[in-house]
Amino acid sequence: MSTKKQRRPFNKTRLKNQILNVVKNPFNLVVAVSLVVLFCLIVIPLLQMIASTFLVAKGELRRIHGAQVGDFTLYYWKYLLVGQMASATLWGPLKNSLVCGFFTVLVSVPLGSVLGWLVARTDIPCKKLLGMLVVIPYMIPSWCKSLAWLAVFRNKTSGSLGFLAGMGIPIPDWLAYGPVAIVLCMSLHYYAFSYIHVQSALRSINSELEEMGEICGASKPQILRSITIPLVLPSVLSAIVMTLSKSIGTYGVAANLGNRIGYFTLATKMKNFINGSPQNVGYAMSIILISLAALIIFANQRLIGVRKSYATIGGKGGRSTEMRLGKAKLPLMIFLVLFLFFAMVMPMFVLVMETFQISTGGGYGLNNLTLYNWIGADENLAPYYTSYKGIFYNSEFGKALFNTIRLTVIGSVITAFCGQFLGYICTRGRGKWYGSLTEQLVFVPYLMSGVAFSAMYVAMFSRPHLGGLIPSIYGTFTLIVLTSVVKHFPFASRSGTANMMQIAVELEEAAEINGAGFGKKLSRIVLPLAKNGFISGFMLTFISIAKELDLIIIMMDKRTTTMSYLAFTYSQDGMNQMADAISVCVLMFILICYIIANRFGADIGKSW
């Protein structure tokens, strides 16, 4: 005889107690507040930007006959997709973005992978030094590299000569500007993604797998092709995705090297519309950029999800044996030295020396050298290319320096603090709906390029909403801080999650048994143990915000100018020496921050 389990009858008192148990639990309140905040800071702005592309704006009333502000319309999407200017507005820039992204991947991923393999698995000499030197170019912002490229290859098209043109070497426009310059400049920056990914993967692989292939008679090329490459393929695919999604949405490099000859990408064209008219067309372009990045990442997950996987770390002890390069060692060392010289030493030397030149491309003779760009105090003695004082006496530079420090400090403190709490929720909510939802919401900003993400916040806060409940803060320092904080949530949350996973749950349970409440548990146990991780996350966020240009470019005005934006503006205005001087200051600022971050054990790979 089977007994059927009877369901307990509905009891109002029992339901009330369950609700009170959830509501009175401080952890549940923290989770609820965090989810609401994430929803308001990420989901609502995104939905608001999407909605704005279907609503008539005041500026288009004369273009859309009979329409009222706020009416539903497809005008902006028709203008973008099938309008008379669609080719110049969308399809041409989109093609340029995809071409630049594709060839950047084609150059940077093999380059970074080879460098990672040389440092991780071969007997090449001076590995520690080489490993440090290889990642230094990544510390330099990509927009700084574009200024260094101009300092070397600039020709008469820009009105002033670069280093090579000044020596009498004819530099064609296709090399100085446009897709070739953009691809090579971005490749010298984004190769670090594949280098760090591949090097980390190779260090985790037991070299006995390769030795078995060698014992079976396989040659070194066969071992690489049949054993090593399949094992690191997931890391290579991740590097491809990161490189492609970053390069198609970059603004600083494309603007510096493309705008001068009318070569526009989706990011540069989008910025023109958002700062001009019709603004909602710029928001539609931002949605296309976000969709492209999401599609690329989804495709990567599908590829890795369906391919065969290989376990490289097991219970048996593993070891790493270096591969002997033999006769190839000398050519590879020459390749590394030449690469570091042309990728780092020469461009930076030319960039620094240009800050002392009166006439760019005029050589380094004493009659062409000056300290005015740095310490010039008398505007009457200014060289022909500027009407400003030297940067150390320039009030604009002082204001930009103050804004940069203010933005990085405030933004980093808030981001690092939020990252620890988000990491706490993700780790303690593993396998539960709120933990998964938090991870997914935090990941959304990662899908967006900097300029596309800032467009979302411009659309949200350019005018009041909900009867003034959400105010207009466009053009304020507050909006820049808010955008910088939310954009760096994915990195801060990852750092916080890694930090909180090292803190055993048993410590909190022991505190609860001894009567400690949620607040005391956090203040006495979790936060003190998370201190080092907080400092590391703070420093990495500090560095990332200090380098930023794409994220803040469409929100800048004279009151909120940062050093990166000031250097970009001076470069666009033809004051190359002044722009280079500010760039050198930014580089020194960032390198000092990296040194301090390394003292606290911060990992450069987490500053993406």
Side-chain angles (χ1 to χ4, degrees), residues 53 77 79-83 85-113 142-143 145-146 149 173-175 177-194 236-274 281-303 446-456 549-551 553 608:
T53 64
W77 287 100
Y79 181 100
L80 185 63
L81 298 174
V82 295
M85 299 294 291
S87 177
T89 301
L90 173 65
W91 303 116
L94 177 60
K95 183 194 72 173
N96 294 340
S97 294
L98 294 176
V99 166
C100 289
F102 173 78
F103 283 102
T104 298
V105 168
L106 203 63
V107 175
S108 63
V109 172
L111 174 63
S113 301
S142 58
W143 59 266
K145 287 189 176 72
S146 66
W149 181 276
D173 280 355
W174 65 263
L175 179 60
Y177 320 103
V180 172
I182 293 171
V183 166
L184 292 177
C185 196
M186 289 197 297
S187 297
L188 292 178
H189 184 73
Y190 291 126
Y191 78 86
F193 290 161
S194 50
V236 173
L237 288 174
S238 296
I240 289 173
V241 168
M242 291 188 69
T243 304
L244 187 59
S245 61
K246 290 280 187 180
S247 57
I248 64 175
T250 191
Y251 175 83
V253 175
N256 270 327
L257 301 178
N259 287 1
R260 297 163 194 261
I261 59 169
Y263 185 86
F264 295 101
T265 63
L266 205 56
T268 55
K269 203 70 175 178
M270 182 188 77
K271 191 259 184 185
N272 292 344
F273 276 104
I274 291 176
V281 171
Y283 299 147
M285 297 175 78
S286 176
I287 293 169
I288 293 174
L289 260 180
I290 294 168
S291 301
L292 274 176
L295 182 65
I296 292 167
I297 292 174
F298 176 76
N300 173 65
Q301 291 175 338
R302 293 287 297 173
L303 283 172
Y446 181 78
L447 298 175
M448 309 179 195
S449 64
V451 68
F453 187 82
S454 60
M456 184 175 77
L549 174 65
D550 294 8
L551 183 65
I553 189 71
W608 295 335

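Any value given below was found using the heavy atoms of this structure, including those in side chains, with hydrogens, waters and symmetry copies removed.
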Hey, which of Asn256, Val253, Val180 is the one that makes side-chain contact (heavy atoms from CB on, under 4.5 Å) with Cys185?
Val253

Return the [atom1] to [atom2] distance between [X] and [Y], rounded to the nearest 0.5 Å.
X      : Y      : atom1 : atom2 : answer
Asp550 : Ser454 : CG    : OG    : 8.5 Å
Leu90  : Lys95  : CG    : NZ    : 12.5 Å
Ile296 : Leu244 : CD1   : CG    : 3.5 Å
Phe193 : Thr243 : CZ    : OG1   : 6.0 Å
Leu257 : Met186 : CG    : CE    : 9.5 Å
Thr53  : Leu80  : OG1   : CG    : 10.0 Å

Test ring pair (Phe, Tyr, Trp, His ring centres under 6.0 Å) applied to Tyr251 - qualifying residues, sequence neighbours left out:
Phe568

List the atom of [X], the atom of [Y], and the distance in Å for their closest heavy-atom pair.
X      : Y      : answer
Leu292 : Leu94  : CD1-CD1, 3.6 Å
Gly282 : Met270 : O-CG, 3.2 Å
Val451 : Gly249 : CG1-O, 3.8 Å
Ser194 : Tyr191 : OG-O, 3.0 Å
Met448 : Met456 : CE-SD, 3.9 Å
Ser87  : Pro93  : O-CD, 3.8 Å

Show your working on side chain to side chain contact (heavy atoms under 4.5 Å, CB included) between Leu237 and Val241 and close with a plain yes or no.
CA-CA 6 Å; Leu237 288 174; Val241 168; 5.7 Å; no

Spell out, as yes or no, whether a donor-acceptor pair under 3.5 Å connects the side chain of [X] to the backbone of [Y].
X      : Y      : answer
Thr250 : Ser247 : no
Thr268 : Phe264 : no
Asn96  : Leu266 : no
Trp91  : Leu81  : yes

Side chains of residues 101-113: which donor-acceptor pairs under 3.5 Å do they make with residues two or more places apart or in other chains?
{"unit_1": "Thr104", "atom_1": "OG1", "unit_2": "Cys100", "atom_2": "O", "d": "2.6"}
{"unit_1": "Ser108", "atom_1": "OG", "unit_2": "Thr104", "atom_2": "O", "d": "2.6"}
{"unit_1": "Ser113", "atom_1": "OG", "unit_2": "Val109", "atom_2": "O", "d": "2.7"}

Let's go through Ile287 and Trp77 carefully: what are the C-alpha distance in whole Å and the side-chain angles of both, what is the deciding distance for side chain to side chain contact (heavy atoms under 4.5 Å, CB included) to 0.1 Å, and is it a yes or a no?
CA-CA 11 Å; Ile287 293 169; Trp77 287 100; 4.1 Å; yes

